Protein chains: 2
Amino acid sequence: MGKATTSRAGTKGVARPERERQIVDIAGRVFAEHGYAGTSLTAVAEQAGISKPLIYNYFGSKEGLFSACLTCAGEVLVEVIERTARLGLVGQQRVIVTLDQFYAALEPRPWMWRVFRDPTMPATPEITAQHDQYARRMHAVGVEGVRELLHLAGNDDPLDASAMTAAWVNVFDALVNWWIDHPGESRADMTARTIRLSGAVFGPMESAPPTGAALD
Amino acid sequence: MGKATTSRAGTKGVARPERERQIVDIAGRVFAEHGYAGTSLTAVAEQAGISKPLIYNYFGSKEGLFSACLTCAGEVLVEVIERTARLGLVGQQRVIVTLDQFYAALEPRPWMWRVFRDPTMPATPEITAQHDQYARRMHAVGVEGVRELLHLAGNDDPLDASAMTAAWVNVFDALVNWWIDHPGESRADMTARTIRLSGAVFGPMESAPPTGAALD
DNA sequence: CCATGGTAACTTACCCAGAAGTCACTTACT
DNA sequence: AGTAAGTGACTTCTGGGTAAGTTACCATGG
């Protein structure tokens, strides 16, 4: 017969790396929904079906857990934007292809975007430095495209380029969040929508950009 | 001689309505900087030079205080966007004038925008309902302008209009936040910048829109 | 084929700082 | 004297973080 104690301690047969991935994925979802400041690790542990100390065992602190989520998000997002930039597309085509690639990257883990842009993330030097590193790389790619666009309009003001880059990033933000709020829409739906909206703003394109499976 | 007790209780000659306005203004700043979840009323009381119980006396709870800030922000923002819409401008002119009016409204209290868009605001029915009410009114005005623009491009898809409205709101968000992060720029600077950027995207305008003191 | 011990995966039960919220009280103005 | 403005000092509770222990798995030696 079993002991009188009904302790549920002991391994469940899940290896550390796999468990870490699972915790990061669930924590990312919760951070994205409530923000870093509004998230309690007790809630994360509950949703993951484990106990709080295991999180501390693996990640050291709440901030450490957030840092792991941020790394996951930052690596993916930077990779997408830098790879897309290397395609050498310009103007409208570049916008559409970049968004299409973002949708593809975010499809499995939409929380990454909101975690990366969480305004309540801890203001410690470590997190700030980590975020800045990714943000700078993304901003560099964005500002390069924007400067090109502004130059065509005869504008070389660096502050204008900075403001416009911020605006563009927020357009991405809006479309990604709109997508998260409309779970019925597939990635292909969103890309088609992006093309229609872009056409309404900039006018129609000369040639269709390469999207979807053509690049994945 | 004074008593041995150096109690600092007693009125300071500030009437309740004035004190309430002052508390809302300071709380708004703190909420905007750290988010609702990251803000402690002790810190707010400290910055206001009063004690915490006075806040509870006047606002009942942390949520009540946030609600007061939200009311302040919502009323102002809705008023601006609805009043501007009534001017009957269209397209590029409408965008520029609306932004110009937003800058003017936010100049004295820039925190209003961030409080209105705080992702960590309490998820209680009261706050949610209050925020939704303002958000719906603003969205309605925005979607009307966007639908018109899309209709000119031969697009009447309501989901497209919804997504594009979200994108536009976030462009506003980006420019307002950019402004908050660049305190050296005056409202006139920002409006001039808006006009340059709008021209680069849409092409130059036929006639100059009425901005600045012309409408205030 | 079984005991035995080492280790990795896990949990229960706790500590403690800080923040929400309250009570009884004090002071100043009219 | 009455009332509005205001506070010090509490209670309560949540949430980050920890100490110490429990259970399962897996290697070895008999």
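Chain letters run A, B, ... following the sequence lines, proteins first, then strands; residues in each count from 1. Being a predicted model, the structure only gives us computed values, none of them experimental.
- With sequence neighbours left out, B:Glu79 forms a salt bridge (Lys or Arg N to Asp or Glu O under 4.0 Å) with B:Arg83.
- A:Arg19 meets the salt bridge (Lys or Arg N to Asp or Glu O under 4.0 Å) test with no other residue; sequence neighbours excluded.
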Per-pair distances, 0.1 Å, donor-acceptor, side chain in residues 29-55 of chain A, under 3.5 Å, sequence neighbours excluded:
| residue | atom | partner | partner atom | Å |
| --- | --- | --- | --- | --- |
| A:Thr39 | OG1 | A:Gly35 | O | 2.7 |
| A:Ser40 | OG | A:Ala43 | N | 3.2 |

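- Among pairs with a residue in residues 55-68 of chain B, those fulfilling side chain to side chain donor-acceptor pair (under 3.5 Å) read B:Glu63-B:Thr124, B:Ser67-B:Gln130, at least two apart in sequence or across chains.
- The salt bridge (Lys or Arg N to Asp or Glu O under 4.0 Å) check on B:Glu20 picks up B:Arg16, with sequence neighbours excluded.
- Evaluation of the salt bridge (Lys or Arg N to Asp or Glu O under 4.0 Å) rule for B:Arg187 yields B:Asp100, B:Asp216 as partners, not counting sequence neighbours.
- Applying the salt bridge (Lys or Arg N to Asp or Glu O under 4.0 Å) definition to pairs two or more places apart or across chains, those involving residues 103-128 of chain B are B:Asp25-B:Arg109, B:Arg114-B:Asp181, B:Arg117-B:Asp173.
- Of the possible polar contacts, none joining the A:Trp178 side chain to the B:Ala166 backbone as a donor-acceptor pair under 3.5 Å is found.
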Show which side-chain atoms of residues 140-148 of chain B pair as donor or acceptor with protein atoms under 3.5 Å away, not counting sequence neighbours.
none

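- For A:Glu46 and C:dT11, the CD to C1' distance is 15 Å, given to the nearest whole Å.
- Contacts of residues 24-35 of chain A with DNA chain D (heavy atom under 4.0 Å): none.
- Judged as a salt bridge (Lys or Arg N to Asp or Glu O under 4.0 Å), the pairs with a partner in residues 159-169 of chain B (not counting sequence neighbours) are, in order, A:Arg193-B:Asp160, A:Arg196-B:Asp160.
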Q. Can you give one letter per nucleotide of nucleotides 4-17 of chain D, going 5' to 3': B for a protein heavy atom under 4.0 Å from the base, S for sugar-phosphate only, - for none?
A. -BBBB------SBB

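- End-to-end axis angle for the helix from C:dC1-D:dG30 to C:dT30-D:dA1, using five pairs per end and rounding to 10°, comes out at 0°.
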